[in-house]
Chemist: 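Here it is: the structure, laid out below.
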2 protein chains.
Amino acid sequence: MNGGGPAGAMNGGGPAGKVTIAGLAERLGISKASASYALNGQPGVSGPTRARVLALAAELGWYPSSSARALSQSRSGAVGIVLARSPEQLGSESFYMTVLAGIEAVLSEHDMNLMLRMVAPTEAPAPGRDLDVYRRWAGERRVDGVIVFDLFGDDSRPQLLSRLRLPHVMVGAAEDAQPTPFGANTTVDQGADAATLVEALHRGGHRHIAYVSGPLGLTHEAARRAGIHAHAHHLGMTTVFSASDYTADDGGKATTAVVAGLAVGSPDFPTAIVYGNDLMAIGGLRALKRRGIAVPGNVSIVSWDDSILCRLSSPGVAALARNTMELGRLSAALLLDTIAGHQRASVAMPAGVLHSRESLAGVVRQHP
Amino acid sequence: MNGGGPAGAMNGGGPAGKVTIAGLAERLGISKASASYALNGQPGVSGPTRARVLALAAELGWYPSSSARALSQSRSGAVGIVLARSPEQLGSESFYMTVLAGIEAVLSEHDMNLMLRMVAPTEAPAPGRDLDVYRRWAGERRVDGVIVFDLFGDDSRPQLLSRLRLPHVMVGAAEDAQPTPFGANTTVDQGADAATLVEALHRGGHRHIAYVSGPLGLTHEAARRAGIHAHAHHLGMTTVFSASDYTADDGGKATTAVVAGLAVGSPDFPTAIVYGNDLMAIGGLRALKRRGIAVPGNVSIVSWDDSILCRLSSPGVAALARNTMELGRLSAALLLDTIAGHQRASVAMPAGVLHSRESLAGVVRQHP
DNA sequence: CTGAAAGCGCTTACAG
DNA sequence: CTGAAAGCGCTTACAG
């Protein structure tokens, strides 16, 4: 009653959308507390009263003010993601949008919102503008947690986020990654995926293969390279590596570098090239065509990421299909758990499956 | 002093990140109001006091609580976007991520945040799940405005958003679209872009062309179709249309339908096909190849959207390059204006530029 | 220029 | 089961 004077009357009688919990309570002749308990499914109100509150709220289209609730509960109801990649890469690699879709699906199931920020690409070893965003989000308590992509060696983000006490999940961390306080990992077994690729090539008779990776500063690229090396060696195969930057153009250049000066069919000429993503694979394919090197006649190619690019290219590019949306779902679920205080150290992503396409063929045995 | 008892002491002495404006004021021996004025660049504090406040805030890493500020200012500091497209389409068409990047760039310059939601795709004529999101966001006052994509005829979103009093910008509306209350449009002159495409084809000697569009329920597709028809007619050309759904597979099917039963070179056989997006163009290219129809030997193809797909395909697919990031920037700037109450009805997007590639060639003149 | 106070719209112990 | 009150952390008239 008191303090509810003119403002309360306005709220009660105003246009839709201005309803407050005080307005609901006033119309029903109950206290705000009772209305709150009813609306939040908490004990403390009788069944009939609860029903009346819910009915009126639905009728008036009442929703709790997110800021009032956030202020009183110290929870924003939002999860943040900072992407530190160029718009070109974000647009052309379906990975990001797909994992975002998976994340969003889980968040919205739990009435959480996704806050997205894009900053200038981070050069792998140097900390980027994203750190400022985390500091600010934490300070403003604008998000309840964050999901982090593209970990690199000696990455300063986990420590920063722990210090900020901001729950975080690192997507695609190494199997043996140690979670930081307030942190957890969705891990990808790059070794297992490398084995899948290498074994398929070995089965096809390939004995000398190349891997054109993304930047080696990224932990998952280092892990892939090590995995390829280990499994190839185990099977008696030899390897050659070249690092690139995930773009089609540079993937083409790296490809040229790998085969430069080598005669097709010579022992040093790799009979298969594995690429760290789809763009580089397509760029490599073009570079090979331009040099008159037949795919898969002279060299087979395989991409570590599947996408529509691989499917629509000609020849179609064989690729390791990973359930990227599931990676997003797992990461979001893990973050929600971490925010709730149930800390699970890590969740593993399902292994990839090789989709064979025209670009992958067996080697024609050479007579000695 | 009073009320600052134990809680105030905790704030003052607690770990970093728990600082409040009351804590700052207490340490400096001034009132919260003075601290607030200093922090917000408002008049009402002396220069030296202001400097001391700013210095302490920086030292302690203080940021205003977003929820407290939102509650007292009735502004959330966030802009919302609901994408009602399949993850596959969002991932493979670079349009969305690119326009998002443009939007985000402007928002973050203005210290605004982007809230992203993805819902099940909307069937053009039927209202989708996105309406519920808007109602909820408006009710919770979680966003200060929204940016809307993929308008269709008789779209119920503008009216709903007006009724909710939620500022909104419709991206890529028709030139003559009327803004609703609280609304504004970024318009695209589809007629001008259609003219660019049709005239290039006319110059190449094409006289009978096809347009494989996206769903006709979308206003911009209806406008494109009308634009192509009008300009072709004006130049004495004839046209044939087929509607598809923006996917590569269906684009292939639509292509097959357009040429079904027609002998290459016959008068009814279109010598050029324009596609509403890059995926359908690539799908069309594959379908044509499969039927032994040479591109550009027998038929030229052009995409209305440029992307890496067009660039990396072989043959490269000619495409209308539009400044998608700029479309995002313009839309975000327009929304911020609308939120601020300076209503500009609409802002026009710059016209597209045709990027010619191998898929586009002139017609070999037939002797009668 | 500065301080005490009210208010934004919720939630949550705490008494009845 | 219900109500009055304090508190979340800001902003903003309103007096001095």
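Letters A, B, ... mirror the listed sequences (proteins, then strands); counts begin at 1.
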Chemist: Hey, does the side chain of A/S31 come within less than 4.0 Å of D/dG3's phosphate (OP1/OP2), counting only N and O?
Modeler: yes
Chemist: Quick one: A/K32 NZ to D/dC1 C1', roughly how many Å, whole number?
Modeler: 19 Å
Chemist: Please state how far atom CD in A/Q73 lies from atom C1' in D/dG9, giving the value in whole angstrom units.
Modeler: 15 Å
Chemist: Check the distance between D/dC10's P and B/R141's CZ and give it to me in whole angstrom.
Modeler: 21 Å
Chemist: Can a side chain N or O of B/S72 be found less than 4.0 Å away from OP1 or OP2 on C/dC8?
Modeler: no
Chemist: Does B/S34 make a side-chain N or O approach to OP1 or OP2 of C/dG3 shorter than 4.0 Å?
Modeler: yes
Chemist: Describe the nucleic acid contact of A/S67 in one word from base, sugar-phosphate, nothing, applying a heavy-atom distance below 4.0 Å.
Modeler: nothing
Chemist: Atom CG of B/L71 to atom P of D/dT11: distance rounded to whole Å?
Modeler: 11 Å
Chemist: Need to verify one output field. Residue with the more 5' nearest nucleotide on DNA chain C, B/I30 or A/L39?
Modeler: B/I30
Chemist: Could you check how far OH of B/Y37 sits from C1' of C/dG3, rounded to whole Å?
Modeler: 10 Å
Chemist: Does any N or O in the side chain of B/T180 come within less than 3.5 Å of the main-chain N or O of B/S162, such that one atom is a donor and the other an acceptor?
Modeler: no
Chemist: Measuring to OP1 and OP2 of D/dT2, would you say a side-chain N or O of A/S46 lies under 4.0 angstrom away?
Modeler: yes
Chemist: Looking at A/D150, A/D132, A/D130, which hits salt bridge (charged side-chain N to carboxylate O under 4.0 Å, His left out) with A/R157?
Modeler: A/D130
Chemist: Go through the side-chain N and O atoms of B/N113 and A/R117 and say whether any donor and acceptor fall under 3.5 Å apart.
Modeler: no
Chemist: So, does B/S36 use its side chain to make a donor-acceptor pair with the main chain of B/K32 at under 3.5 Å?
Modeler: no
Chemist: State whether B/S36 places a side-chain N or O below 4.0 Å from either non-bridging phosphate oxygen (OP1 or OP2) of D/dT11.
Modeler: yes
Chemist: Give the rounded distance in Å between these two atoms: CG of B/L24 and P of D/dC10.
Modeler: 8 Å
Chemist: Over how many whole Å does the gap from A/E26 atom CD to D/dA4 atom C1' extend?
Modeler: 16 Å
Chemist: Donor-acceptor pair, A/H168 side chain versus A/F182 backbone, under 3.5 Å?
Modeler: yes
Chemist: In whole Å, what is the span from the CD atom of B/E140 to the P atom of C/dC10?
Modeler: 10 Å
Chemist: Counting any heavy atom closer than 4.0 Å, what does A/T49 reach on the DNA or RNA strands: base, sugar-phosphate only, or nothing?
Modeler: sugar-phosphate
Chemist: Paired with D/dC14: which nucleotide, if any, by Watson-Crick or G-U wobble criteria at under 3.5 Å for both distances?
Modeler: C/dG3
Chemist: Just N and O in the side chain of B/R69: are any of them under 4.0 Å from OP1 or OP2 of D/dG9?
Modeler: no
